[in-house]
4 protein chains.
Amino acid sequence: MTDPDVRTSIMRAAYEALCEHGYTELTAQDIADRTDKSKSLLFYHYDSKEDLLADFLEFLFERFDDRVAETRDLPPVERLATFVDWFLYGPGENDRQSFHVAMLELRTQGPYNDRFREKLRKSDDQLREILEEILRDGLEAGEFRDHDPETTAAVLIAAFDGARIRQLTIGRDAYLEEVREGTATWVFDDLLAEDASFPADRDPRTLPENDHQHRLAADLGADTREADDETAERDRE
Amino acid sequence: MTDPDVRTSIMRAAYEALCEHGYTELTAQDIADRTDKSKSLLFYHYDSKEDLLADFLEFLFERFDDRVAETRDLPPVERLATFVDWFLYGPGENDRQSFHVAMLELRTQGPYNDRFREKLRKSDDQLREILEEILRDGLEAGEFRDHDPETTAAVLIAAFDGARIRQLTIGRDAYLEEVREGTATWVFDDLLAEDASFPADRDPRTLPENDHQHRLAADLGADTREADDETAERDRE
Amino acid sequence: MTDPDVRTSIMRAAYEALCEHGYTELTAQDIADRTDKSKSLLFYHYDSKEDLLADFLEFLFERFDDRVAETRDLPPVERLATFVDWFLYGPGENDRQSFHVAMLELRTQGPYNDRFREKLRKSDDQLREILEEILRDGLEAGEFRDHDPETTAAVLIAAFDGARIRQLTIGRDAYLEEVREGTATWVFDDLLAEDASFPADRDPRTLPENDHQHRLAADLGADTREADDETAERDRE
Amino acid sequence: MTDPDVRTSIMRAAYEALCEHGYTELTAQDIADRTDKSKSLLFYHYDSKEDLLADFLEFLFERFDDRVAETRDLPPVERLATFVDWFLYGPGENDRQSFHVAMLELRTQGPYNDRFREKLRKSDDQLREILEEILRDGLEAGEFRDHDPETTAAVLIAAFDGARIRQLTIGRDAYLEEVREGTATWVFDDLLAEDASFPADRDPRTLPENDHQHRLAADLGADTREADDETAERDRE
DNA sequence: GATGAATGAGATTTCATTCAT
DNA sequence: AATGAATGAAATCTCATTCAT
């Protein structure tokens, strides 16, 4: 896998195939179909389908790193609000949801698959680290009251993930807003120092729905525009 | 499916097969192997494997009802503690975990499968209802401070489910205790009226690990003993 | 594999497929094509193609037993002559040759395949035992001069097998007659007591070519007639 | 294929690959892996894998010629003893055996492959010629009694080859010694004139095992040293 | 000469489901 | 009610060979 373009195009195909078929029903052919290459080529670049998907997790992980870096200069409260939005984006973003459903299926293979689990773990470690960093920065900046960043991070991540999962799997969208509001009530109200507040346009209790500023494409990183063009071209053939 | 015994024996076989193989790798043969009947018979009783598994969800739902009923007479705080334990049982219960992993896989099929989703939804409705009932009972009894039961229920369920899922899929057990303690800090401390408290032996912050009083078998309901005998008999053949 | 007819029909199909395609090029489909059943059925009865072929070796072994039994009542010299004929049948028997070529390919997998090797070994043990028995019987009957049956058996089997192999693989038919005559000269002349002799019509040095009395079908046992009819019927469809 | 070095390095790679994988499982990649060049290059030099292997047979044939020439000056009895040793080397020479197993697999393709068969035939012709030459020289020199060199050569080659094949394929090493002793008893005892005898240290009946003076490398000819160095270099990269 | 990338044509196996009995 | 036998439709992976560079 010398050429990064090849990898990227396979990863994009895997992404699209996962969105359309889900993980359980995903076949190597589905991925190849979203490429301008043959199925055999997948096995030229990867030893197995599992191998390809493990690299897909790695790929997502790399992209996530970049997106995190972009928020590094925001003030803690702002970063925290962005963090909440990442998770609790609106239920109307269908493409994004279908991808997250597939990712959820893939995540459930962690217990059976060491390589998947390792990648998922790395991703989890990173996620907690960032949230803890935000919380600690807020403490230092005097914007947050005293609390234990580790448990708070764990609770927030678990609650957001749980809300998303329940919303996706049973289709009850209310979970998103209920958890947004519930965490605002139970956690953020207490967490924010008296003179701090969630940005007016980001208050979890007043913002009825995410403003879609983080579009689907965000999941795969920044170079969305060109990629979509490429896809379009392929479809025209 | 006239004979309830037949249904029960198939359900039990499905349960065992799910524990051993997971949902994704589950085959009709795996279920039949844990029965004293043939694979063909499964298709006599059910139109398809999906049909059988939809009934399995229904079956679990029925059993869950019974277990809920058993707690109906406990005082609200005690019931709440029991509720927490249901979710955050210790990471050492391997049999239980393997079943929950399989259930998690199955849950991820909700978005693709209307019948699964309907059952999951019913189950979710029931779960929230119970928790809300507990919270409302506590409010009425003056044991809980004023709060919104709906959002609180949603947050707790989401947080507990999210913790379990992350623990299971990435194998990071710390989530269980962190969320147990985090919810104790952020929610329960505020929730409990000044003169009320979690039962001494149930305080989420002091109880290092669940006491295993809810054993694996609980997942399938009360009639565990006979079932095991049945299994033993089959193995002897 | 309860029904012996099914096994027999699969074995016959394997036999025919081996004759036509050889072992190296043999596919499961080739075998299925010579059956009135589907390819899947082969995997219903056998865990793998290798498994099927191991059973094929076993099957041949069973049939060989029967053929050996038939010669048990012949006098030693006559049996020995029959033995020679088994090996050194004429080069013109094409069907038989193509089967033996395939068997030879299969035999070369012995070093890589424990199950094949075990069956081949069993078959070798049986073959040597029979020849040694013939030689010992001849000694007791005073028809053979004193010699060591074990080494003689080994030399004869090796020489006959080697002749066959070289004839088959390089297509030099002369090996058959040369080894027939060579063993007659070096071994049998010395072996036979003065007053004994190879049956007039069986003297290895005068019989220019095997009389085809042991036809191809012999390889698969006695029930050739019906089997061929069955094959014919299938071809007509 | 202008450069003989390139050919030699491919031939050596083919040899090593055959030893490790056998013929049936041999892939072009396996050969390329033992080269410092790419798989594509094999197809630049040869039209097909079959073509390469046909040349490999040719290559072996050329080397064999050289080794035969080396024995040309020995007295007939000595040459005959050397001949026996070539075939009946001890069972402990594992590297040599793995190569001979692969060659045996390759030989079984003769009936399906004209080019292979032609090379094998040439090799067989040469082998018989040499043995017949030895036998005739011995007759002329008065060291051997009167006999027919053609049939004797055929019997010996067949017996030795058969012994080797049975030893390799079923793993019964006894064949080697039994045939060594059997031929000594039935053929050589009669063959040698009264006043001639097998070299004391070469008598097939007293020499329990080949003295390994003909090492593995012999199979590929004399230039072993450099070849090993080359291999070592490759491994270091 | 030399190679990385690419592919078509299989091959083996799997499995839900059906059907005759 | 019960089952052994049977199958079609896939899915993963392999590999000799080709080709653009």
Side-chain angles (χ1 to χ4, degrees), chain A residues 1-3 5-7 9-10 21 24-32 35-53, chain B residues 1-3 5-6 21 25-32 35-53, chain C residues 1-3 5-7 9-10 21 24-32 35-53, chain D residues 1-3 5-6 21 25-32 35-53:
Chain A
M1 183 64 66
T2 41
D3 192 345
D5 287 353
V6 175
R7 184 189 183 219
S9 79
I10 293 177
H21 298 273
T24 306
E25 296 283 286
L26 182 73
T27 72
Q29 188 64 63
D30 293 331
I31 300 176
T35 279
D36 55 355
K37 300 295 164 50
S38 76
K39 184 176 43 168
S40 316
L41 191 64
L42 299 181
F43 293 97
Y44 173 73
H45 288 300
Y46 295 98
D47 284 342
S48 66
K49 185 178 138 187
E50 183 198 310
D51 199 37
L52 189 158
L53 289 170
Chain B
M1 182 65 63
T2 41
D3 191 344
D5 286 352
V6 174
H21 298 275
E25 296 284 288
L26 183 73
T27 72
Q29 188 64 63
D30 292 330
I31 300 176
T35 280
D36 54 356
K37 299 294 164 50
S38 75
K39 180 175 54 161
S40 314
L41 197 60
L42 297 182
F43 291 94
Y44 174 78
H45 289 301
Y46 294 98
D47 283 343
S48 66
K49 186 178 140 190
E50 182 198 311
D51 199 37
L52 188 159
L53 288 170
Chain C
M1 184 64 65
T2 41
D3 191 345
D5 287 353
V6 175
R7 183 188 184 221
S9 79
I10 293 177
H21 298 275
T24 305
E25 297 283 286
L26 181 72
T27 72
Q29 187 64 62
D30 292 331
I31 299 176
T35 280
D36 55 355
K37 299 295 164 49
S38 75
K39 185 176 42 169
S40 316
L41 191 64
L42 298 181
F43 293 96
Y44 173 73
H45 288 299
Y46 294 98
D47 284 342
S48 66
K49 186 179 137 186
E50 183 198 311
D51 198 38
L52 189 158
L53 289 170
Chain D
M1 181 64 65
T2 41
D3 190 344
D5 285 353
V6 173
H21 298 275
E25 296 283 288
L26 183 72
T27 72
Q29 188 64 64
D30 292 332
I31 299 176
T35 280
D36 54 357
K37 298 294 164 51
S38 74
K39 179 175 53 161
S40 314
L41 196 61
L42 297 181
F43 291 94
Y44 174 79
H45 288 301
Y46 294 98
D47 284 343
S48 66
K49 185 178 140 190
E50 182 198 311
D51 199 37
L52 189 159
L53 288 170

What closest approach, in Å, do Asp47(D) and Asp51(D) show between heavy atoms, and which atom pair accounts for it?
N-OD2, 3.2 Å
Counting Watson-Crick and G-U wobble pairs with both distances under 3.5 Å, what is the dot-bracket string for DNA chain F, 5' to 3', using [ ] for crossing pairs and | for pairs to another strand?
.||||||||||||||||||||
Contact state string [nucleotides 6-12 of chain E, B base, S sugar-phosphate only, - no protein heavy atom under 4.0 Å]
BBBB-SB
Give the C-alpha distance, both sets of side-chain angles, the deciding distance and a yes or no for side chain to side chain contact (heavy atoms under 4.5 Å, CB included) between Tyr44(C) and Lys37(C).
CA-CA 11 Å; Tyr44(C) 173 73; Lys37(C) 299 295 164 49; over 6 Å; no
Nearest whole angstrom, please: distance from the P of dA16(F) to the CG of Leu53(D).
10 Å
Arg7(C) atom CZ is separated from dA5(F) atom P, nearest whole Å, by 15 Å
Under 3.5 Å, is there a donor on one side chain and an acceptor on the other for Asp30(C) and Thr27(C)?
yes
Atom-pair distance (OH on Tyr46(A); P on dA5(E)), nearest Å:
12 Å
Between dA2(E) (P) and Asp5(D) (CG): distance, integer Å:
12 Å
CG of Asp3(D) versus P of dG1(E): gap in Å, rounded?
7 Å
Side chain to side chain contact (heavy atoms under 4.5 Å, CB included) evaluation trace for Phe43(B) with Leu52(B):
CA-CA 9 Å; Phe43(B) 291 94; Leu52(B) 188 159; over 6 Å; no
May I have the distance from Asp51(B) (atom CG) to dA16(E) (atom P), rounded to whole angstrom?
14 Å
Can you give me the closest heavy-atom contact between Ala32(D) and Ser38(D), atom names plus distance?
CB-C, 4.0 Å
Donor-acceptor check, side chain of Lys49(D) to backbone of Leu26(D), threshold 3.5 angstrom: yes or no?
yes
Take atom CD in Glu25(A); do more than 12 heavy atoms of anything else shown fall under 6.0 Å from it?
no
Are any non-hydrogen side-chain atoms of Tyr46(B) and Leu53(B) less than 4.5 angstrom apart?
no
Find the distance Leu52(A):CG to dA11(F):P and express it as a whole number of Å.
16 Å
Whole Å only: how far is the CD1 atom of Ile10(C) from the P atom of dA5(F)?
10 Å
With rounding to the nearest 0.5 angstrom, report the OG1 to CG distance, Thr35(D) to Leu41(D).
8.5 Å
